[in-house]
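For reference, the structure discussed in these notes is given below.
Order of appearance sets the numbers: ligands from 1, and atoms from 1 within every ligand. Along the sequence shown, the residues carry numbers beginning at 1.
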Amino acid sequence: NYRCRSAFKLLEIDDKHKVLRPGLSVIDCGAAPGAWSQVAVQRVNALGTDPNAPVGFVLGVDLLHISPLEGAVFLPNADITDPVTLKKIQELLPTERADVILSDMAPNATGIRELDHQKLINLCLTLLDLSQSILRPRGTILCKFWDGREAHLLQNRLMEHFQDVRTIKPQSSRKESAEIYYLAKLYNDGMKHQKH
Ligand code: SAM
């Protein structure tokens, strides 16, 4: 049993697009109450449940408190946009960089659709900046956004840094909701700048 229905969105996306597998190291941004982390713990084999597969790692970060979850490390009461949080993430990661960054983050909605959209796009852009220090080359980002006029800014930035960028609308996302995900694979930061 999952802590939240949002688990089914990640399960659906992962079944189709193969984001998680045993042995990977994952940062789950906006992790509270912890359903995506539950899915990630299973799929990366963070508990070593499958003795024949490599053991992965899951770090969940959120502004809010998150109840402990076996197999996951949590960084609660932490704002992803705060530089102190970045340092803490780097300390907690067992490897220098993560293979996958998941973001189901959502700012408190004001109800003004355009404003909420902009806030979430800005949050995703900040996360993309952080990737430079915490995502390994060829790594993956899955991030939620609310659709609107500035989505293309985020998409363009992702396309500058990742070789494969897709737009995903999970079935399990309610039809009327404006939420969409970008799945960006094959992070190539650094490589682009070396080409002339
Ligand atoms: N994926 C989660 C799950 O399956 O349990 C649900 C995530 S919920 C939709 C969005 C979360 O993003 C909230 O818990 C919120 O506190 C968090 N959040 C929003 N802005 C954040 C920020 N700047 N830093 C960290 N977390 C943030």
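Within the 4.0 Å heavy-atom cutoff, Arg3 does not count among the residues contacting ligand 1. The shortest heavy-atom distance from Gly34 to ligand 1 is under 4.0 Å. Ser37 does not count as a contact of ligand 1, since none of its heavy atoms falls under 4.0 Å from the ligand.
With ligand atoms numbered from 1 in the order given, ligand 1 contributes 9 (C) to contacts under 4.0 Å with heavy atoms of Lys144. Within the listing of ligand 1, atoms 14 (O), 16 (O) sit less than 4.0 angstrom from a heavy atom of Leu64. If you number the atoms of ligand 1 from 1 as listed, the ones under 4.0 Å from a heavy atom of Ala78 come out as 24 (N), 25 (C). In summary, the atoms of ligand 1 found under 4.0 Å from a heavy atom of Asp79, numbered by their order in the structure, are 22 (C), 23 (N), 24 (N).
Of the protein's non-hydrogen atoms, the one nearest atom 3 (C) of ligand 1 is Ser6 OG, 3.3 Å. Given atom 19 (C) of ligand 1, the protein heavy atom at minimum distance is Ala106 O, 3.1 Å. Among all non-hydrogen protein atoms, the one lying nearest atom 10 (C) of ligand 1 is Asp104 O, 3.4 Å. Nearest to atom 26 (N) of ligand 1 among the protein's heavy atoms is Leu63 N, 3.4 Å. Looking only at heavy atoms of the protein, atom 8 (S) of ligand 1 is closest to Ala32 O, 3.8 Å.
Proximity of Cys29 to ligand 1, defined as any heavy-atom pair under 4.0 Å, is not found for any part of the residue. In Leu123, the part holding a heavy atom less than 4.0 Å from any atom of ligand 1 is the side chain.
Here the shortest heavy-atom distance to atom 7 (C) of ligand 1, taken over Pro76, Ala35, Gly30, Ser103, belongs to Gly30. With distances taken over non-hydrogen atoms, the option nearest atom 13 (C) of ligand 1 out of Val39, Asp62, Ile80 is Asp62.
No salt bridge links Asp14 with Lys16; every basic N to acidic carboxylate O contact stays at or beyond 4.0 Å.
Between Tyr182 and Phe145, the angle of the ring planes stays under 30°, which puts this pair in the parallel group of the 30/60° scheme.
Remark: Lys88 NZ is loosely packed, at most 12 non-hydrogen atoms of other residues, nucleotides or ligands lying under 6.0 Å away.
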